[in-house]
Amino acid sequence: MRSLDDIFEEYDFLDGDDRYRLLIDLGRMLEAMPDALKADATLVRGCSASVWVYPVPSDDGRLHFLADSNAAITKGIVALVLAAVQDRPASEVAAMDVTAALAPFDLTRQLSSNRTQGVPNMIALVQDTARRLAGA
C-alpha cells in the first residue's frame with residue numbers, strides 16, 4: 001500500500017474529477033477481503049455505503065486491516081484511512097490523530113457529505129480496535 005504522503009502528493013496535483021479517479025483506483029488496489037468477513041460484526045455503522053473493516057493483528061503487535069465497500073468512491077476513502085494506519089503498531093494507531101493525518105485531503109470539501117459521513121466511525125472503529133489490542 002502506498003504511503004499517505006505519496007498519495008497526497010499525487011492528490012494535491014489533481015483537479016476534482018481526477019481526484020475521484022485516484023480515489024477509485026486506490027479502492028481497487030485494496031487487498032481483497034474474503035466475503036465471509038463481510039458480516040454484521042465487521043460493518044462500519046453510519047456510512048451511506050456498506051463498509052466492512054476487519055483487523056488482523058500480527059505477532060509483533062502491528063495491525064493489518066482488511067476492508068471493503070460496495071461503493072467505489074467510499075472504497076477509496078477506506079483506502080486513505082488504511083494508508084494512515086496500515087501495518088503500524090497497535091499502540092501507535094491507538095495514539096495517532098488519524099483525522100489530522102487525513103486533513104490535507106480536505107475530503108469534506110471535495111466530496112459530498114453523505115460520502116464522508118462514515119469516516120469518523122471508521123476511524124473510531126480502527127482506533128478502538130488498536131486500543132483494545134494495545135491494552136490501552
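In this text the structure is predicted, and so the values were computed from the model without any measurement. Hydrogens, waters and symmetry mates are skipped; everything else that's a heavy atom, side chains included, is used.
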State, with a plain yes or no, whether a side-chain heavy atom of [X] is found less than 4.5 Å away from one of [Y].
{"X": "Asp17", "Y": "Arg21", "result": "yes"}
{"X": "Met33", "Y": "Thr42", "result": "yes"}
{"X": "Gln86", "Y": "Val81", "result": "no"}
{"X": "Leu30", "Y": "Asp68", "result": "no"}
{"X": "Ile73", "Y": "Tyr20", "result": "yes"}
{"X": "Arg45", "Y": "Asp40", "result": "yes"}
{"X": "Leu63", "Y": "Glu92", "result": "no"}
{"X": "Lys75", "Y": "Arg28", "result": "no"}

Any side-chain to backbone donor/acceptor pair from Asp15 onto Asp18? Under 3.5 Å, distance only.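 Pair found, side chain donor or acceptor close to backbone of Asp18.
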Which of these passes side-chain contact (heavy atoms from CB on, under 4.5 Å) with Val126: Val93, Val98, Asn121?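 Exactly one pass, corresponding to Val93.
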side-chain contact (heavy atoms from CB on, under 4.5 Å) partner of Tyr11, the single match among Leu80, Leu22, Leu4: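 For Tyr11, the side-chain contact (heavy atoms from CB on, under 4.5 Å) check succeeds only for Leu22.
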When hydrophobic residues are tied together by side-chain contacts of less than 4.5 Å, even through go-betweens, does [X] share a cluster with [Y]?
{"X": "Leu82", "Y": "Met29", "result": "yes"}
{"X": "Val85", "Y": "Leu133", "result": "yes"}
{"X": "Leu66", "Y": "Met122", "result": "no"}
{"X": "Val44", "Y": "Trp52", "result": "no"}

What are the two closest heavy atoms between [X] and [Y], and how far apart are they?
{"X": "Ala100", "Y": "Asp97", "value": "N-OD1, 3.0 Å"}
{"X": "Ala79", "Y": "Gly27", "value": "CB-N, 4.2 Å"}
{"X": "Ala67", "Y": "Val78", "value": "CB-CG1, 3.4 Å"}
{"X": "Ala130", "Y": "Ala94", "value": "CB-N, 3.6 Å"}
{"X": "Ile7", "Y": "Arg2", "value": "CA-NH2, 3.6 Å"}
{"X": "Met96", "Y": "Gln127", "value": "O-NE2, 2.6 Å"}

To the closest 0.5 Å, what do you measure between CD1 (Ile123) and CG (Leu102)?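 It comes to 5.0 Å.
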Looking at OG1 of Thr99 and CG of Leu107, how far apart are the two atoms once the value is rounded to the nearest 0.5 Å?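 Reported to 0.5 Å precision, the distance equals 10.5 Å.
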Residue pair Leu43, Val51: steps toward the side chain to side chain contact (heavy atoms under 4.5 Å, CB included) verdict: CA-CA 6 Å; Leu43 187 67; Val51 174; 5.7 Å; no
Ring centroids only, cut at 6.0 angstrom: are Phe65 and Tyr54 within range, meaning strictly under it?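 They do not qualify: ring centres at least 6.0 Å apart.
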Would Asp60 and Ser58 count as having a side-chain donor-acceptor pair, cut-off 3.5 Å?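 Yes, side-chain donor-acceptor contact under 3.5 Å.
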